[in-house]
Amino acid sequence: MKKRVFVILLLLAFSAGLLAACHGKGVVKPTEAPPATTAAPTVPPTAAPATQEGETTDPFAATPETETTAAPEVPAMEFDTSRHYTISFWAKNDSNPTQIAIYKKAKADFEALYPNITVEIRPYSDYGKIYQDVITNIATNTTPNVCISYPDHIATYLKGQDVVVSLDEYMADKNYGFGGEKLLFDGPSQDELIDKFMQEGWFDGHQYDLPFMRSSEALYINKTMVESMGYTIPDVVTWDWIWEVSEKAMEKDGDVFKANGQKIMIPFIYKSTDNMMIQMLRQKGAGYANSRGEVQIFNDTTRELLYTIYQHVSTRAFSTFKIDSYPGNFFNAARCIFAVDSTAGATWIGSNAPLLDIHASDVVQFETVIRPVPQFDADNVQMISQGPSLCVFNKADQQEVLASWLFAQYLLSNDVQVAYAQTEGYVPVTHKAQDSAEYQDYLSRAGEDNKTYYDVKIAASRMVIDHMDDTFITPVFAGSASVRDAAGAMIETVAKGTRRNQVKLTADGTALDESYLQSVFSEVRRLYKLDEIEVKPGEPETPPATTAPAPGDETGEATGDATGEAPATTAAPAPATEPATTAAPEPEPLPATSRFLLGSLVAVWVILGAVALIGAIRRHKNGNP
């Protein structure tokens, strides 16, 4: 009897402990509001993007003190110079030995400043190969420390967790950020960075890359041949004009072309059809894509453009790099009048080009001039901004990451920027380098020789600088590289189909047949997996800028919708109102621990009941009441 009472008392004590353990843990009472905690917003270290009238749009300007509460000061970074670090740098060069020499000099100069850091350079001649190798190495956690790449590629790298370093804190750091107090080199300060170039590396609310060099596309023109045909080259070439001259150049005298006296002539060759379609859509105000990942390239404007391209491919007045070959080769041999290529390829184009891909005996002497890419509206020039960027990859050792950041930042110093810009039709990415006496002297010496001061190369750089305000960038998101490829693939598919007599027209011959277009669109969607791109909710992201964006903004997002029509006017936001009364929150579900304890409590009472029942049965059998 005493033992049974002891067991019951023990179980009662255990159940009381369970009730105490369950009390109030993790449950919000329906009549109480949870304590408010306001998280600090994620903004670039330089400034917040403009969201309301009166707020700054300058990413390098301080936020007005009257509008925000100063955040607690972040401790400055410290670099452990007692340790040695070996960092890898995957570098891109344009098959240009001078660029490789500049990388090697930058390595040597940097290592002299930081003897505890060794830089190992791995040169590449193709961005696509860098991209594929990085993707492969992400899976094995063997990415480089610093890498030259395109922002579209970096957006794909970010699909891996903590793969690419957000540079916000590094850029703003007191010791080692831009203009940092402990830097051992004269790098650019924040206000010496060119905002338009920085914007391309801003996505998902952070800065993930730094611009290294910037370029654009240029229209290289054989002026001698154009004038021999009776034409004068306008300051801004329109699409109508270039199509007219290209068709004129197809006239023959017997078995040779009148324009060049040769048996071969392709008047107009475009190297990057990706950029061709992107710029055409931009100039037309039609859809391409936005930063949310919405793909808009399959629209009515695209249909019209593809028909125009079909018309000029069918006469052989137009072709592409992928169909025939590098446009510079045809251009230098006077077998092409108009070549569109990057300004970063200027050293390969022109009669006196220092770099050649054809035999010197095939080169024809003529005068080369440069213009922006063809435009639909000569009064509203729009051309793409492009060029290599730098990203830093995350590592377990944060001191190693800091060493990588120091080298990436060193590549923005004048010594590297000015020297590298002189290798092609690039422009430096900082005001500090562009305004330097050394760079201005370089620009002023065009034509002194056909190497460092090659006139076509310097003219290409000047064209980019003169039209910097006319450039735009395309939105960056996971999958944006595929959308870029898809844009060019539509042109290539129609061009190849035209050559093979596979293109179908409408009955009246004034447009491409819709069933044919749908087959092209479907195949491009499939090949580039466009339907697998994740579309983010909310409004498209706009990177911070120091100047108000042009219509359609400077993110490269279209000013029209997916059909190429102008967007509807957006209503002004509703005025702020007093917050509505909020209903009391529903009770939160019990935590797993509490559910276990309550279940145990039920089991205890079941056991107590069983003990009491067994005792009653025994007493009954023994004749006890």
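Everything numeric here is computed off the predicted structure, so don't read it as measured data.
A donor-acceptor pair under 3.5 Å links the side-chain atoms of Thr302 to the main chain of Ile297, judged by distance alone. Remark: the backbone N or O of His467 is not paired with any side-chain donor or acceptor of Thr471 at under 3.5 angstrom. Of the possible polar contacts, one joining the Gln417 side chain to the Val429 backbone as a donor-acceptor pair under 3.5 Å is found. A distance-only check finds a donor-acceptor pair linking the side chain of Ser461 to the backbone of Tyr426 [under 3.5 Å]. In this structure a side-chain-to-backbone donor-acceptor pair under 3.5 Å is present from Gln375 to Val373. Judged purely by atom type and a 3.5 angstrom limit, Asn394 has no side-chain atom pairing as donor or acceptor with the backbone of Val164. Side-chain atoms of Ser88 come within 3.5 Å of backbone atoms of Asn145 as a donor-acceptor pair (strictly under, hydrogens ignored).
For the residue pair Asp485 and Ser482, no side-chain donor N or O sits within less than 3.5 Å of a side-chain acceptor on the partner. Between the side chains of Glu367 and Thr224, no donor N or O sits under 3.5 Å from an acceptor N or O. Using modelled atom types and a 3.5 Å distance limit, the side chains of Gln279 and Asn275 yield no donor-acceptor pair. Donor-acceptor pairing under 3.5 Å is lacking for the side chains of Tyr170 and Gln409. Between the side chains of Thr143 and Tyr157, no donor-acceptor pair of N or O atoms lies under 3.5 Å. For Ser189 and Asp191, the side-chain atoms include at least one donor-acceptor pair closer than 3.5 Å.
Classification of the Tyr270-Trp239 ring pair by plane angle, with boundaries at 30° and 60°, yields parallel. The aromatic rings of Phe407 and Tyr410 sit parallel, their planes meeting at an angle under 30°, below the 60° perpendicular limit.
Phe338 places a side-chain heavy atom less than 4.5 Å from the side chain of Val226. In this structure, Leu305 and Leu281 have side chains that are in contact, with non-hydrogen atoms separated by less than 4.5 Å.
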*Take Lys284 and Glu304, measure what salt bridge (Lys or Arg N to Asp or Glu O under 4.0 Å) needs, and give me the verdict at the end.*
CA-CA 11 Å; Lys284 284 281 193 178; Glu304 295 170 3; 5.0 Å; no

*List the steps, then state whether side chain to side chain donor-acceptor pair (under 3.5 Å) holds for Thr430 with Glu192.*
CA-CA 6 Å; Thr430 69; Glu192 290 173 327; over 6 Å; no

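Checking each of Trp348, Tyr326, Tyr220 against Asp341 for a side chain to side chain donor-acceptor pair (under 3.5 Å) leaves exactly one that passes, namely Tyr326.
In summary, Lys107 and Glu111 engage in a salt bridge, as defined by a charged side-chain N under 4.0 Å from a carboxylate O.
Between Gln440 and Gln434 the shortest heavy-atom distance is NE2-O, 2.7 Å. Closest non-hydrogen pair, Phe212 versus Leu390, comes out as CB-CG, 3.9 Å.
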